[in-house]
Protein chains: 4
Amino acid sequence: MKMAEQEKTQGSLVPGRRRSDQSHQAILQAAREVLEQVGYRAMTIEAIAAKAGVGKKTIYRWWSSKAAVVLEALASHTEVEVPFADTGSLEGDLLAYFALSFPGLQGKSGTVLSGLAAEAQLDPEFAREFQRTFIVPRKQELVALLQRGVQRGELAPDTNLEVLADLIYGAKWYRFLLYPAPLDDAFAREIVKLILRLRSGE
Amino acid sequence: MKMAEQEKTQGSLVPGRRRSDQSHQAILQAAREVLEQVGYRAMTIEAIAAKAGVGKKTIYRWWSSKAAVVLEALASHTEVEVPFADTGSLEGDLLAYFALSFPGLQGKSGTVLSGLAAEAQLDPEFAREFQRTFIVPRKQELVALLQRGVQRGELAPDTNLEVLADLIYGAKWYRFLLYPAPLDDAFAREIVKLILRLRSGE
Amino acid sequence: MKMAEQEKTQGSLVPGRRRSDQSHQAILQAAREVLEQVGYRAMTIEAIAAKAGVGKKTIYRWWSSKAAVVLEALASHTEVEVPFADTGSLEGDLLAYFALSFPGLQGKSGTVLSGLAAEAQLDPEFAREFQRTFIVPRKQELVALLQRGVQRGELAPDTNLEVLADLIYGAKWYRFLLYPAPLDDAFAREIVKLILRLRSGE
Amino acid sequence: MKMAEQEKTQGSLVPGRRRSDQSHQAILQAAREVLEQVGYRAMTIEAIAAKAGVGKKTIYRWWSSKAAVVLEALASHTEVEVPFADTGSLEGDLLAYFALSFPGLQGKSGTVLSGLAAEAQLDPEFAREFQRTFIVPRKQELVALLQRGVQRGELAPDTNLEVLADLIYGAKWYRFLLYPAPLDDAFAREIVKLILRLRSGE
DNA sequence: TCTTAATCGAGACGGTACGTCTGGTCTTAGA
DNA sequence: TCTAAGACCAGACGTACCGTCTCGATTAAGA
């Protein structure tokens, strides 16, 4: 997190009271609770401040928007993390990933995630933060997963893995955010079936 | 539009003043102008009403949210429409589509579209309307495009075109909404290259 | 009141919803209650709005400050009004006035009045309103009282009644606002004694 | 000043860092500058602290409110002091006093003084300090001035000088703080004219 | 032609959250 | 122990929009 780094560089150079880690944690915790109770859209900075027993100023001092608070609140709990396990085959790896990933997009946690995505589309500054801490790292993991497929000979060596990952993640996000069709096992299997049909460009 | 149908059923049965088409058009025009000037997020119903010289009530009477107004404002100008031409080959069809589609996602019109997508993620009711009038029809056209590829023998007959369309549209939306990489010709060519490598499942 | 006049001139000329007299009265009533409960300084616009069941905007729409609300709240109850009775003698008139006037400067109502005076010293716009509706009319009544003294021959005809009224009201306000000495009967009698010693300038 | 006395009693008995006179003066100087720039009402403790390069705590440690700071800041510059000269006659003494006193009530310094008066009306604790250091001493000087008039035979020996001083100061403050009429030479002459008409009570 | 009823522009209304501001307190490191 | 700095809790500020609710004035059908 950007904050933690700042704090370190602060060292013992500047005078003044330091950031209260107690308040910091209380805010993140309160954000999670409010999210759970009223959802992303109805969540307000005021409610977080009240629940955390914190002045609104203390939130505005350290975060630029409610989306930024939520992003850190989620990141610090790693509950959105999905492991990219090595099952020995590309098919298995992908199916395992989808099996773990899709359920987290249902219900409340899905609403929160789509709320963050919405915020990213409305606020360019938050978009960069969201991409930096969430979107880009995930994609790199998927590329690594596909790379293993290449090494095993399941994908042609000349496959553009970056774009293939765009296609795979794209399909997932497209159905999650935009298209009215379920994110289920059948969908996962059909995606994998298509991926496995890719042959070399000779 | 839902509105137009309602008006028809009204017929000549009820007394009272009819809906003013002048106000209707003034609202859509004002919505477009306000969008152009301040962007989707900063746009308010009040601003549209003021610019259109219209009471807020008149807007609320006919639309449920600012997103609904914007959706109709855009639809009524068909500026987001992209033709799916038949160039004689799947590769040509796809490249032609991307070449026409990508520029419209840049600049102001891109911001408007991502604003609508954001709204869809925050408001389930608007999401349904957005899907019904925008997302689903587009996908059906893409499926039809792919269908021509099957007929020409460029895609295997047993290809799941629905899911393939999810992958293609997904990649486009993913880069548009979430991933920090450009929507350019190179991206289009790489997608097409991958699609053309799909072989039959035997 | 300025408001009432505006409303009258409004007549049926302007469109739009009219000012709600119900809200108007509720705000004045709430202001009186909050004043009673927490005093002038601790009173807030928010508290008035909450107690009146009114949006803050409705208060800000019609009054420029909390002092303006309080001024009208008091004026509309005429509880600060003190009659200037005609007892048949200047001495009697003055003593009667002081006897009625001094008690109202004690306790809660005194605090409210000094709060308004303070506001007038801090806010020139409110000062003008305060003078117009409160200070100047009172003084004119006192001048009229003194005029009766002249007619009865108790004051010399060449007495500058305006300045004499400044002296009398000044002494009262000076002790009320600034000087730590009581506003009691003894003070009233001593003032009257001095006034009655005024002789003609020959 | 209360503060200065406290410092003396501290002597060299107690351990710890002594009060910084440099900070003390910087605060008073900053208070004067901020007063000059933004006026009494808009002045804040924070602004004084920032301009003085001093922690807010250092101000709160030594003064109870911004009014207390201002009171000392002004007192330490004695710019509000007005000498009560002996011109040889009551008329001359009073006119000389008014001539020196009235100009200081105009413009910025007048605003500051009325701000302090306002504060005194809102804050009983400050009111006592204001009376102790400012109001009461002035009045005693005026009483002394009047006393000279008694000794010269210009006022009857049985005149209640305390109440007469209330009338004179009252008239001045009344016009300064409340009544919309100028504090000018004409007003001074009219007051003096009335005072000189006082005869004995026989 | 008159009645009836829905529409219109205008804008006040009750609410709610915003992001800012200030007050007064607390916590640092250093003098 | 005091200082400068500044983060902290608290909560009012005045603003902005929301979506609803009057208003009087149109506007069209049916009586």
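Numbers restart at 1 for each chain; the letters A, B, ... are given by sequence-line order, proteins then strands.
Nearest-nucleotide mapping onto DNA chain E: of D/Ser65 and B/Gly53, the residue sitting toward the 5' end is B/Gly53. For the pair A/Gly16 and B/Gly16, nearest-nucleotide mapping onto DNA chain E gives the more 5' position to B/Gly16. Between A/Glu46 and D/Ala49, it is D/Ala49 whose nearest contact on DNA chain F lies nearer the 5' terminus.
Distance CD1 (D/Ile45) to P (E/dT25): 11 Å, rounded to an integer number of Å. In this structure, CH2 of C/Trp63 is placed 16 Å from C1' of F/dG14, rounded to the nearest angstrom. When rounded to the nearest whole Å, the span between CH2 of D/Trp62 and C1' of F/dT3 equals 11 Å. Atom pair A/Gln22:CD and E/dC26:P shows a separation of 14 Å (rounding to whole Å applied). Taking atom CD on B/Glu125 and atom P on F/dG19, their separation rounds to 12 Å, with Å as the unit. The nearest whole Å value for the distance from the CD1 atom in A/Ile48 to the P atom in E/dA17 is 12 Å. Following rounding to the nearest Å, B/Arg19 (CZ) and F/dT26 (C1') show an atom-to-atom distance of 17 Å. When rounded to the nearest whole Å, the span between OH of C/Tyr60 and P of E/dC18 equals 18 Å.
Looking only at atom types and distance, the side chain of D/Arg32 has a donor-acceptor partner in the side chain of D/Gln29 under 3.5 Å away.
Closest approach of C/Ala68 and C/Phe126 over heavy atoms only: N-CE1, 3.7 Å. Between B/Gly115 and B/Tyr40 the shortest heavy-atom distance is O-CE2, 3.5 Å. Taking all atoms of both residues into account, the shortest heavy-atom contact from B/Ile59 to B/Val69 is CG2-CG2, 4.1 Å. The two residues D/Ile45 and D/Ser65 have their closest heavy-atom pair at CD1-C, 4.3 Å.
For CD of B/Gln22, the number of neighbouring non-hydrogen atoms (other residues, nucleotides, ligands) closer than 6.0 Å is 12 at most. For D/Gln37, the CD atom counts as densely surrounded, since its 6.0 Å shell holds more than 12 non-hydrogen atoms of other residues, nucleotides or ligands.
Close to E/dG14, at under 4.0 Å from its OP1 or OP2, lies a side-chain N or O of C/Thr58.
For the pair B/Arg19 and B/Trp63, the cation-pi test (distance below 6.0 Å, angle within 45°) is passed.
Checking E/dG24, F/dC9, E/dT28 against every side-chain atom of A/Val54, the shortest atom distance belongs to F/dC9. Among E/dT22, E/dC8, E/dA12, the nucleotide with an atom closest to any side-chain atom of A/Lys57 is E/dT22. Looking at the side chain of D/Arg61, the nearest of the listed nucleotides E/dT28, E/dA12, F/dC2 is F/dC2. When each of F/dC13, E/dT25, E/dG14 is scored by its nearest atom to the side-chain atoms of C/Ser23, the top-ranked nucleotide is E/dG14. You'll find that the side chain of B/Arg17 is closest to F/dT26, out of F/dA7, F/dT26, F/dC18.
Taken over five-pair windows at either terminus, the axes of the helix from E/dT3-F/dA29 to E/dA31-F/dT1 are inclined to one another by 20° (rounded to 10 degrees).
Under the salt bridge (charged side-chain N to carboxylate O under 4.0 Å, His left out) test applied with A/Glu46, the options A/Lys56, A/Lys66, A/Lys51, A/Lys57 reduce to a single match, A/Lys56.
Scanning atom types as modelled, no donor and acceptor separated by under 3.5 angstrom connect the side chain of B/Lys56 and the base of E/dG11.
Against DNA chain F, the stretch residues 34-44 of chain D makes no heavy-atom approach under 4.0 Å.
Note on A/Arg41 versus B/Glu119: salt bridge recorded, some NZ/NE/NH1/NH2 to OD/OE distance being below 4.0 Å.
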